Amino acid sequence: MELARSVEPSSAEHAAARSIKALLIEPNALLREGLRRILSETAYSPAAAAASLDEMGSVPSLDSSTIVLIIDASRDHDETCRQARMLKESNPSAKVVMLIEEYDLKQVVAAFQAGADAYLKKSVSHEVLVKSLDLVMLGEAIFPSAILDLLREREAQADHANEAPAPEELHEMSPPAKGLSVRETVILRCLMDGDSNKIIARKFDITEATVKVHVKAILRKIQAKNRTQAAIWAASHLPSNRGAPTS
């Protein structure tokens, strides 16, 4: 199950209303042909398909179209992220959908930082793929809900490897990042743990309305669209040591 904000496009007609130029990069010839046939019946029919961007050559002329790059990231993840970053720099409106075999926390974070708009397992159904593309065209980012489990595992490993400093030491060792207050920082860690607003409110003896205000401020400051994106951001920007200051 992939996680995105709850926006329901009525159909692919939302995407079709915009001029789209889809590019398909998949080294497996059989899978590439299968994806091409599936997408040929949608608004995302590939304008070009190849085993690699190098094989495809230069990106076709965009005119007024929005480019959607659907690319395999399982062979060389670092190179795929590099190419995604370059595409985004030259075409800010471009959308990048990465297809992978298995989730890996570091790779998910790298893809997020490279500007990927969606990160999907190749095992998803064609309906999920097309619906994810619809959401991406609406400005949504699709990242795996399973990332929360990976984040919890990482935090648990960090807790075993390092002694948690006292709150006073945490203030000195780990200044808030990205202009976040101390309270916002600890609430962001709660988001990494998958805590609901109600649980966070109980932890800090504040109202759920106050939690919502903090979460909204956190998302704005780190430029994340949803709680999952915020958790991914935190995994690569917050130190692994933990504390729970209440002031």
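Note that this is a predicted model, so its numbers are computed, not measured.
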Heavy-atom donor-acceptor pair, Q229 side chain to K225 backbone, under 3.5 Å: yes
L180 versus I218: any side-chain heavy-atom pair under 4.5 Å? yes
Using the test side-chain contact (heavy atoms from CB on, under 4.5 Å), find all partners of S40 that sit at least two apart in sequence or belong to another chain. S45
Only distances under 3.5 Å count here; give the side-chain donor-acceptor pairs of residues 23-36 to other protein atoms, sequence neighbours excluded, each with its distance to 0.1 Å.
{"unit_1": "E26", "atom_1": "OE1", "unit_2": "K122", "atom_2": "NZ", "d": "3.1"}
{"unit_1": "E26", "atom_1": "OE2", "unit_2": "N28", "atom_2": "N", "d": "2.9"}
{"unit_1": "N28", "atom_1": "OD1", "unit_2": "L30", "atom_2": "N", "d": "3.0"}
{"unit_1": "N28", "atom_1": "OD1", "unit_2": "L31", "atom_2": "N", "d": "2.9"}
{"unit_1": "R32", "atom_1": "NH1", "unit_2": "E26", "atom_2": "O", "d": "2.5"}
{"unit_1": "E33", "atom_1": "OE1", "unit_2": "R36", "atom_2": "NE", "d": "3.1"}
{"unit_1": "E33", "atom_1": "OE2", "unit_2": "R36", "atom_2": "NH2", "d": "2.6"}
{"unit_1": "E33", "atom_1": "OE2", "unit_2": "R37", "atom_2": "NE", "d": "2.8"}

Would you say that I199 contacts K203 through its side chain, given a criterion of any heavy-atom pair below 4.5 Å between the two side chains? yes
Restricting to side-chain contact (heavy atoms from CB on, under 4.5 Å), what partner residues turn up for S52, sequence neighbours left out? D54, E55
Residues that D76 engages under side-chain contact (heavy atoms from CB on, under 4.5 Å), provided they are two or more places apart: D78, E79
Could you walk me through whether I71 and M98 pass the side chain to side chain contact (heavy atoms under 4.5 Å, CB included) check? CA-CA 5 Å; I71 186 169; M98 293 188 184; 4.2 Å; yes
According to side-chain contact (heavy atoms from CB on, under 4.5 Å), who are the partners of K198, at least two apart in sequence or on a separate chain? S196, R202, E208
Residues which pass side chain to side chain donor-acceptor pair (under 3.5 Å) with S125, listed by chain and number, not counting sequence neighbours: E127
Across all chains, not counting sequence neighbours, the side chain to side chain donor-acceptor pair (under 3.5 Å) partners of H77 are Y119
Closest non-hydrogen atom pair, A231 against L191: CB-O, 4.1 Å
So salt bridge (Lys or Arg N to Asp or Glu O under 4.0 Å) across residues 84-94, not counting sequence neighbours, yields K88-D117
With sequence neighbours excluded, what pairs up with E102 under the salt bridge (Lys or Arg N to Asp or Glu O under 4.0 Å) test? K121
